[in-house]
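The next block holds one structure in the form of structure tokens; read it before the comments.
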Amino acid sequence: MQPKLIIHGGAGNSLKGKGGLVDVRNSLQEIVRDVYDRLLQGENATDAVVRGCQLLEDEPRFNAGTGSVLQSDGQVRMSASLMDGTHQRFSGTINVSRLKNPIDLAKFLQTESDRVLSDFGASELLRELQIPIYNTLTDLRLKEWTEERKDNFQKKMAGVIAGSEEAGRGTIGVVALDRNGKLAAGTSTGGKGFERIGRVSDSAMPAGNYATAKAGVSCTGIGEDIIDECLAAKIVVRVTDGLSLAESMSRSIQECVANKRDLGAISLDATGAIAWGKTCGLLVAAYHNGQEIKDTLEWGEKETVGIDKG
Ligand code: GLY
């Protein structure tokens with residue numbers, strides 16, 4: 001089967017400034033190329049998703065891993081999840097700190113009996129696994145936090161495309177379909193930025209990241225909106241119940257628009273269909289459709305649902 005791959009680096013308003021657009025496009029394309037080559041060589045969907053998430057977490061312009069935004073108390077707390085569609089198995093970590101790649105912890109937890117661990121338990125596990133301490137803080141994120149503190153954190157969400165003139169919405173995500181027709185989805189985030197201590201992100205919930213043997217979805221945007229829609233699971237369940245991926249995405253995003261949500265989603269199904277959606281101006285996503293790499297960076301500001309027609 002022809003592998004398929006879609007990744008995202010958040011959603012938001014617009015990427016003004018050519019430099020910003022070109023840099024973001026180059027980052028996304030490089031990651032798609034790397035991961036798609038692995039899928040062509042026979043890597044399974046779960047491993048490909050982990051690899052894609054690691055690369056996105058390592059890219060400081062995105063809000064996950066290195067470059068994660070700071071919470072209200074000036075600390076970085078990250079959340080990530082992984083879902084293996086074939087085994088329909090979810091694992092994740094919530095509000096973990098001092099770790100280079102939170103997706104690695106989600107990967108480890110895939111085969112454990114306790115599959116979602118939060119702050120204290122996650123730190124204990126890091127120590128048990130002897131994973132080296134890593135500081136994900138970047139100067140730019142510290143500057144953003146210091147500036148925002150002056151206004152007492154009035155922003156709804158921190159800037160998540162570091163270095164761009166306009167902020168986006170946080171999170172990275174990957175959905176892959178491998179040569180054997182198996183699906184997986186992964187999502188990772190530094191959170192909304194400036195949030196209360198203990199706030200839990202959608203990224204480590206089935207609302208924000210979900211996959212079965214039929215479809216996989218990763219979401220981005222305001223976590224509370226994604227949770228209220230239970231968006232990733234809803235799209236996947238609609239596909240399981242017989243709707244096409246395009247129709248499932250379209251209905252679900254229409255509901256989000258009606259409910260004035262602020263979010264985006266990327267998806268693949270087991271037939272190889274690719275669809276994405278957003279309720280905001282910009283979805284920072286790129287994909288490989290088997291023939292070529294494309295992205296959504298210059299996709300219409302008012303568009304809500306996109307499908308790849310090859
Ligand atoms: N979607 C990322 C967050 O709200 O935490």
Side-chain angles (χ1 to χ4, degrees), residues 7-13 53 56-57 59 61-73 75-83 90 92-97 99 102-103 105-106 116 118-119 122 136 141 144-145 148 153 155-162 167-175 185-210 216-235 252-253 256 259-267 276-285:
I7 69 172
H8 73 75
N13 300 319
C53 287
L56 286 158
E57 286 175 340
E59 167 58 84
R61 78 178 70 250
F62 301 128
N63 173 22
T66 303
S68 285
V69 297
L70 278 64
Q71 300 195 342
S72 56
D73 61 344
Q75 299 297 310
V76 174
R77 295 182 188 87
M78 302 168 287
S79 299
S81 68
L82 179 64
M83 189 142 183
F90 183 95
T93 184
I94 296 170
N95 288 331
V96 66
S97 303
L99 163 68
I103 195 70
L105 210 52
V116 183
S118 66
D119 38 37
T136 55
R141 294 306 190 189
E144 271 177 14
W145 184 84
E148 197 57 27
F153 307 120
K155 266 192 196 159
K156 206 171 155 198
M157 197 165 182
V160 289
I161 309 286
R169 303 282 186 273
T171 313
I172 63 90
V174 180
V175 186
T187 305
S188 180
T189 187
K192 281 196 297 191
F194 322 128
E195 63 266 69
R196 271 177 187 273
I197 303 167
R199 181 257 182 187
V200 176
S201 167
D202 63 290
S203 298
M205 294 184 192
N209 189 72
Y210 199 70
V217 176
S218 167
C219 299
T220 176
I222 302 289
E224 285 70 6
D225 287 358
I226 296 165
I227 294 165
D228 288 347
E229 295 294 330
C230 201
L231 186 60
K234 187 197 296 194
I235 295 167
S252 306
I253 292 289
C256 294
N259 292 333
K260 298 190 172 35
R261 308 299 190 192
D262 190 351
L263 47 76
I266 57 169
S267 66
W276 60 91
K278 63 172 173 62
T279 61
C280 47
L282 171 76
L283 177 68
V284 182

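Remember, it's 1-based here, ligands and their atoms both numbered in the order they're listed.
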Notebook entry, point to check: Which pair of heavy atoms, one from Glu224 and one from Lys192, lies closest together, and at what distance?
Noted result: OE1-NZ, 3.3 Å
Notebook entry, point to check: Quick one: which ligand 1 atoms are inside 4.0 Å of a heavy atom on Thr171?
Noted result: 1 (N), 2 (C)
Check: CD1/Ile172 to OG/Ser188 distance, rounded to the nearest 0.5 angstrom?
Finding: 4.5 Å
Notebook entry, point to check: Where do Gln75 and Ile197 land on the side-chain contact (heavy atoms from CB on, under 4.5 Å) test, with the steps shown first?
Noted result: CA-CA 9 Å; Gln75 299 297 310; Ile197 303 167; over 6 Å; no
Next item on the list: Go through the structure and list residues passing side chain to side chain contact (heavy atoms under 4.5 Å, CB included) with Asp228, not counting sequence neighbours.
Entry: Arg261
Notebook entry, point to check: Can you name the residues that form a side-chain hydrogen bond (donor to acceptor under 3.5 Å, both in side chains) with Ser79, not counting sequence neighbours?
Noted result: none
Checklist line | Short N or O distance, Ile222 and ligand 1, threshold 3.5 Å exclusive | finding: no
Checklist line | Residue-ligand contact Glu224/ligand 1, heavy atom below 4.0 Å | finding: no
Next item on the list: Check Glu195 against ligand 1 and report side chain, backbone, both or neither, counting heavy atoms closer than 4.0 Å.
Entry: neither
Check: Taking distance alone, with no angle check, do Asp202 and ligand 1 share an N/O pair under 3.5 Å?
Finding: yes
Item checked: ligand 1 atoms in contact with Ser201 (distance to a heavy atom under 4.0 Å) -> 2 (C), 3 (C), 5 (O)
Next item on the list: Heavy-atom contacts with Gly191 under 4.0 Å: which atoms of ligand 1 show up? List them by number with element.
Entry: 5 (O)
Check: Got a second to check how far Thr279's OG1 is from Leu231's CG, nearest 0.5 Å?
Finding: 9.5 Å
Next item on the list: Check each atom of ligand 1 against the heavy atoms of Lys192 and keep those under 4.0 Å away; list them by number with element.
Entry: 4 (O), 5 (O)
Check: Can you check side-chain contact (heavy atoms from CB on, under 4.5 Å) on Ile253 and Leu263, steps first, answer last?
Finding: CA-CA 9 Å; Ile253 292 289; Leu263 47 76; 4.1 Å; yes
Next item on the list: Calculate, to the nearest 0.5 Å, the distance between atoms CG and SG belonging to Asp225 and Cys219 respectively.
Entry: 11.0 Å
Check: If you count the atoms of ligand 1 from 1 in the order shown, which ones are under 4.0 Å from a heavy atom of Thr189?
Finding: 2 (C)
Note to self: When you compare ligand 1 with Ile226, is there at least one nitrogen or oxygen pair between them that comes in under 3.5 angstrom?
What the structure shows: no
Next item on the list: Under 4.0 Å from a heavy atom of Gly221: give me the atoms of ligand 1 that qualify, with their elements.
Entry: 1 (N), 2 (C), 3 (C), 4 (O)
